[in-house]
There are 2 protein chains.
Amino acid sequence: MDQKALAMFSHLSQSLHFAKTARAHHISPSTLSRAIQRLEDEVGGELLHRDNRTVVLTDIGKKFKIYAEQQLEQWHSFKQSLAEKQIELTGKLHIYCSVTAAYSHLPPLLERFRARHPLVEIMLTTGDAADALEQVQNQSVDFAIAAAPEQLPRSVYFHHLDTIAMAVIAPTMACKVQQQLSENVLTWSKIPIILPEHGAARKRFELWYRKKQQGKPMIYATVSGHEALVSMVALGCGVGIVPQVVVDNSPVKDKVRNLANIGEIEPFELGVCCLNQSKAQPLIKAFFQAIS
Amino acid sequence: MDQKALAMFSHLSQSLHFAKTARAHHISPSTLSRAIQRLEDEVGGELLHRDNRTVVLTDIGKKFKIYAEQQLEQWHSFKQSLAEKQIELTGKLHIYCSVTAAYSHLPPLLERFRARHPLVEIMLTTGDAADALEQVQNQSVDFAIAAAPEQLPRSVYFHHLDTIAMAVIAPTMACKVQQQLSENVLTWSKIPIILPEHGAARKRFELWYRKKQQGKPMIYATVSGHEALVSMVALGCGVGIVPQVVVDNSPVKDKVRNLANIGEIEPFELGVCCLNQSKAQPLIKAFFQAIS
DNA sequence: ATAGTTCGTTGCAAAAAACGCAACGTGATG
DNA sequence: CATCACGTTGCGTTTTTTGCAACGAACTAT
C-alpha cells in the first residue's frame, strides 16, 4: 500500500495489461502480479478480474482507482507544499552528461532543481556516454546522466529516466544508398553503415546486426557523437544507427528517413547514476527529490 | 508509507514518546524508531525533533500529521464504503471463548461482524481460557478469544485485542481478612488467598507473589472461573487475584475493593487466535476484516 | 558527587518480505 | 495442430525489517 503500488495499480487500471504496466515500471510481470495481489488482499476484494484473456476493473477496482489516484495526488501536493518551505541549499553540484542526453533530458531536470535551489552552482561536463560510469566511480563528478550498462556495478545507484528507442536512418536524397535500399532483396553486407564509435548505441547495433546473419557489415565510418552521425547520413554517405531522440532533434531531420520493418533494435535505458554512498549527501539527495 | 506506519506516526505525534507508542502498537522501540526514520526519509525532512530528552513535532511534522490523519481517515472511509457492497457470506463460524472474555470483549466484535454478515451462523463455546489454544489447534473451533501464551506456537496466528490489567481485591465487609489487611505490617503468608485454578491469571499471580519473598502463600481456595472468585472474595473468604475487567463487570463489585500499592502485577494480552492456515478461509478472513 | 533511571538510537543476526527467472495453464491465432 | 500471448505460481536469491542487547546522553535521588 505504498505510493509505488498505488501508481502501478493506477497505470494498470488504464492499460488493463500486466506486461505493459510492468515494463513501464521496470519490474517483471510476476512482481506486478504479486503487488496487485497484495493490494487485493489489503482491500479485501478483487480489484481486477482476469480471465486469462482479458483484464477488467471490478466495481471495487473502480472505487479503488479513484481512491488510489486521490492518494497519489494528495501525496504529490503534500510534497509540493513542503518544497516551498525548504531551506536554501548552497554548494556545487558536478554533473557529467553524455552528449546525447545533454540537450534532450538534462534541461527539464535542471530547471526543476534550480527552481528550488537557485543558489546551488551547477558544473556541467559533457563527454562520451561510455565514460560516464567511470567518472562517477572516480568521484570526479557527483552524478552522471547516461545509458544503463548491462551490468550495473554494486557501488552505483541508477535512477531511471527514460527508455530510448533506436532508429535506423537513411538519406532521403537520391544517392547510391537510396537505390540499394529500394531493391527487392536487401543485401545488408553491401550497404555502407555509419556507426557510433562505441557506447550503448554501438552495442545495440552489433546485437541487431548479428541477428540478420548476413556476414560482416560494411562499415563506412564510425563517428564519435551522435549528432554528427545524423549529418553524415543526411549527406548520403550511408545508413546510420542512432537513438531516435537524436534524429528528432536534429536540424537535418528532414533530410533523413527512418527505415521500418528491419527488425527490432533493443532500446536502452537512460538514467541518472551516482555512487550509492553519495546518495545521503544533501545536494544529491535534494537533486533526486527534485526530479522524482 | 503504509497505513501502519502512518498510524504509528499519528499516535507518536500525540504522545511524543517513542516507548509509549511502541508499547501501544506492540512493537519494540527500535522498530518504531526505524519506521519513523523511514517516513522521514520518504518525506525528505525531519518530522520530529528529538534531543535525547524531549520529542517535538517539527513544522514539517505538523504538516505531515495532518496529511497522515487525513490519509487514515480516507482509508477507513474507503473500506467503509466497500463494506456496504459486500456479498453475503453464509456458513458456520465456531468460536471458543474464555469465560472472562465472553461478556467483556466478544459482544462488540460479534456485533460488528453480524451487522455485515447476518447470514453466518455463530456457534459459541465457552470454557477455560487455558484450553483455548488447544481447541484451535484441534480444529475443534475456527478461532478463540483468549490470553496470549508466553510462547505462541508457530502454527497459530494471534490478533491483539486488548491489554488486561490484573487486580488484587479484598472484601469490604468486616471480617478477619479485613482486619489483617489493616495491620501495620502485612504478613502475606498469613492472608488467605483465592486463586484461579490455572491459566494466565494464575501464572501472573505466581510471578507477582515470588517477588514479595514472603514464603509460601496461604491458598484458601482455587476457583475455576473468575466470576465465582469475585463472589468468594465478596463473602469475606480472602484476598483474590483476577483481571480488573472481571471486577468491573461483577454484580458484587460493591462488596470488594482493590488493594493498591502492593506491587505491579504484569497485565496479559487478550486477543483472537486461529490457525495460520485457516486465515485464508472466507469466513475467518471476513471476521478479521470486520473487527480490525 | 555518583549510582541509578529513563530515553531514543544503532550494531548485529535472524526472520520475513519482495523479487526475477523459469515453467505452467489457458485461450486465441494461423 | 502447433504456436503465441498473457497472467500466475514454484523456487532460490536478494533485500528489507525486526527485536535484542548495548550505548550514550540527560535527568533524579541519595
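Numbered from 1 within each chain, the chains take letters A, B, ... in sequence-line order. All values derive from a computational prediction rather than experimental measurement.
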Problem - A:Tyr157-A:Phe288 aromatic ring centre distance below 6.0 Å - result: yes
Problem - Test: B:Glu40 and B:Arg50 ion pair at under 4.0 Å - result: yes
Exercise for the section: Test A:Val136 against A:Asp142 for side chain to side chain contact (heavy atoms under 4.5 Å, CB included), laying out the working first. Expected result: CA-CA 6 Å; A:Val136 168; A:Asp142 293 314; over 6 Å; no
Handout entry: Polar pair under 3.5 Å, donor/acceptor by atom type, side chain B:Ser30, base D:dC20
Key = yes
Exercise for the section: For B:Arg38, answer base if it contacts any base atom (sugar-phosphate contacts may also be present), sugar-phosphate if it contacts only those atoms, and nothing otherwise; contact means non-hydrogen atoms under 4.0 Å. Expected result: sugar-phosphate
Practice task
Could you list by number each residue of residues 16-27 of chain A showing a heavy-atom separation from DNA chain D of less than 4.0 Å, or answer none if no residue does?
Solution key: A:His17, A:Phe18, A:Ala19
Handout entry: B:Ile36 CD1 to B:Asp41 CG distance, which is reported to the nearest 0.5 Å
Key = 12.5 Å
Handout entry: B:Thr21 vs B:His11, side chain to side chain donor-acceptor pair (under 3.5 Å): CA-CA, chis, key distance, verdict
Key = CA-CA 6 Å; B:Thr21 297; B:His11 188 284; 2.9 Å; yes
Fill in the blank from the handout: Atom NE2 of A:His49 and atom P of C:dG27 are separated, to the nearest Å, by 11 Å
Handout entry: Plane angle bin for B:Phe64 and A:Phe78 - parallel if under 30°, tilted between 30 and 60°, otherwise perpendicular
Key = tilted
Practice task
Evaluate salt bridge (charged side-chain N to carboxylate O under 4.0 Å, His left out) for A:Glu42 paired with A:Arg38, printing each intermediate quantity in order.
Solution key: CA-CA 6 Å; A:Glu42 288 196 73; A:Arg38 274 195 294 276; over 6 Å; no
Exercise for the section: Verify the distance criterion only: is there a donor paired with an acceptor across the side chains of A:Glu73 and A:His76 at less than 3.5 Å? Expected result: no
Fill in the blank from the handout: Rounded to whole Å, CD1 of B:Ile36 lies from C1' of D:dT18 at a distance of 15 Å
Problem - B:Phe143 ring center within less than 6.0 Å of B:Phe287 ring center - result: yes
Handout entry: Phosphate OP1/OP2 of C:dC19 contacted by A:Ser28 side-chain N/O (<4.0 Å)
Key = no
Problem - Phosphate-side-chain proximity, A:Gln37 and D:dT9, N/O vs OP1/OP2 below 4.0 Å - result: yes
Scan nucleotides 24-28 of chain D against the protein and return all N/O pairs shorter than 3.5 Å with their distances rounded to 0.1 Å.
from   : atom 1 : to      : atom 2 : distance (Å)
D:dG24 : N2     : B:Asn52 : OD1    : 3.2
D:dA25 : O4'    : B:Asn52 : ND2    : 3.3

Practice task
Take atom CE of B:Met8 and atom P of C:dG8, then tell me their distance rounded to the nearest Å.
Solution key: 15 Å
Exercise for the section: Give a yes/no on whether any side-chain N or O of B:Arg50 is located under 4.0 angstrom from OP1 or OP2 of C:dT9. Expected result: yes
